[in-house]
Amino acid sequence: MSAALKNLDAYWMPFTANRDFKKKPRVITGASGHYYTTSNGSKLYDTFSGLWTSGLGHCHPKIVEAVQKQVATLDYCMTFQVTNDKAVALAERVTAMAPEGMTQCFFTNSGSESVDTALKIALGYHRARGEGNRTRLIGRERGYHGVNFGGMSVGGMVPNRKVFSPNLIPGVDHIRHTQDLEHNAFTRGQPAWGAHLADDLERLCALHDGSNIAAVIVEPVAGSTGVLPPPVGYLERLREICDKHGILLIFDEVIAAFGRLARPFGAQRFGVIPDIITTAKWLTNGVIPMGAVLVRDSIYEAFMQGPEHMIELFHGYTYSGHPVAAAAGLATMEVYEEEGTFEQAGALEQHFEDLLHSFADHKHVIDVRNFGLMGAIEMAPREGAPGARGGEAHKKCFWDEHLVIRNGMDTLQFSPFLNSKPDEMQESFETIRRVLDTIE
Ligand code: PXG
Ligand code: PLP
């Protein structure tokens with residue numbers, strides 16, 4: 001290991017067991033295509049496309065070139081009161097791919113910021129229309145909407161909320177999540193059971209009166225919680241209830257957008273169109289942090305009132321529409337189109353599904369779930385040590401098998417490259433099977 005990597009003491013790692021990690025760090029120093037290089041010089045296959053970020057593979061030459069060129073041309077300029085050409089072009093490009101009527105694009109730097117931005121836009125929209133009483137926000141159990149206060153509050157990941165519970169924003173309720181092993185274990189794609197769970201929203205409308213609810217936010221396919229595809233008819237039902245009560249529907253597509261479901265947006269795959277879509281991650285293929293919030297024109301129009309010299313939305317980040325990030329985003333969109341990436345992704349779905357479901361008979365496995373190129377294998381927790389089995393699988397893959405896999409507790413999650421080679425995908429699952437066979 002190089003001298004610079006000897007001392008990790010100052011580095012507080014995000015979402016990581018720091019003490020355990022620092023005993024034997026797993027450090028990556030390079031990447032190319034579908035492989036990482038570690039500080040020991042090993043080459044590892046990446047089964048997670050970064051962290052749901054890098055669907056085109058790492059260091060794509062077109063994106064690298066665009067970033068190099070941009071950073072030497074315009075490194076930064078403010079986007080409050082002036083802007084840059086790349087942000088303008090990316091807003092146009094992304095809205096052109098979006099569902100009809102979603103004509104507005106607001107830039108952020110991450111998924112968490114996209115979510116908090118979307119919630120603020122929803123609240124501001126109702127107020128601008130004279131319905132300032134609509135303040136209540138509805139999330140879903142097991143939802144992940146990032147780690148900022150808004151997203152954490154509408155989110156439903158218990159460990160992420162626990163310590164901050166008294167400080168979560170007020171006026172938030174949650175509908176139930178859709179996983180039920182008794183009814184939908186080992187489903188391929190969308191479960192047939194569970195559309196009725198959307199009626200939880202109708203109950204909340206009855207309880208609070210729908211006229212007090214501003215917005216509902218869900219991931220069309222829940223990702224972080226271990227991939228929960230929506231039951232057949234579920235998203236349609238949510239849309240119906242929102243329409244009935246004048247509630248905005250927000251799809252958090254930080255994971256579901258840009259080809260993961262073989263379409264530019266998950267909304268298009270399901271044929272259910274929300275009012276606001278949040279994105280990040282794949283927007284720049286993970287190369288530079290960036291997020292975007294896509295908004296229906298009618299929402300934007302509602303803000304466009306009052307004196308023309310006045311700011312309509314008091315919100316924005318120093319790096320909203322950063323030119324280097326936007327250049328990376330533009331190059332990413334160009335590659336998606338030139339290489340037919342979303343079609344490639346669609347063509348891989350069946351192979352991926354078959355590989356995942358071949359684990360159904362494994363002694364540790366209690367569920368397998370998939371939709372698009374999102375997949376999960378859930379293992380039973382080891383008696384008295386939840387998370388240990390998943391953690392061991394991850395480490396064994398990394399150290400002994402030259403494979404990076406992602407585990408959330410005992411659930412292994414998969415986010416293969418949109419342009420994966422079928423035989424490499426197969427090999428990676430054969431390796432994982434060998435690893436699961438050897439762990440207790
Ligand atoms: N919304 C959704 C739906 C996400 O998946 C965020 C918001 C927050 O984005 P940022 O860029 O602020 O992290 C996410 C992030 C996992 C995993 O293992 C998933 C995410 C982050 C970290 C791990 O599934 N998603
Ligand atoms: N904190 C301070 C003191 C600031 O001046 C700013 C931005 O100017 C922020 C936080 C917010 O930073 P950002 O715009 O990068 O989110």
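All figures in this text were calculated on a predicted structure; none of them were measured in a lab. Both counts, for ligands and for their atoms, begin at 1 and track the order of listing.
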Practice task
Take His58 and Asp46, measure what side-chain hydrogen bond (donor to acceptor under 3.5 Å, both in side chains) needs, and give me the verdict at the end.
Solution key: CA-CA 10 Å; His58 298 278; Asp46 176 11; 2.9 Å; yes
Fill in the blank from the handout: Hits for side chain to side chain donor-acceptor pair (under 3.5 Å) against Lys395, two or more places apart or cross-chain, chain-then-number order -> Asp20
Exercise for the section: Count the heavy atoms belonging to other residues, nucleotides or ligands that lie under 6.0 Å from CD of Glu65, then report whether that count exceeds 12. Expected result: no
Handout entry: Atom CD of Glu337 with >12 non-hydrogen neighbours under 6.0 angstrom
Key = no
Practice task
Check each of Phe342, Phe265, Trp282 against Phe258 using the ring pair (Phe, Tyr, Trp, His ring centres under 6.0 Å) test, and report the only one that passes.
Solution key: Phe265
Completion exercise
Tightest non-hydrogen contact, residues Pro381 and Pro386, listed as CB-CA, 4.0 Å
Completion exercise
For ligand 1, protein residues within the heavy-atom limit of under 4.0 Å are Leu51, Trp52, Ser110, Gly111, Ser112, Tyr144, His145, Gly146, Glu219, Ser224, Asp252, Val254, Ile255, Lys281, Arg406, Gln413
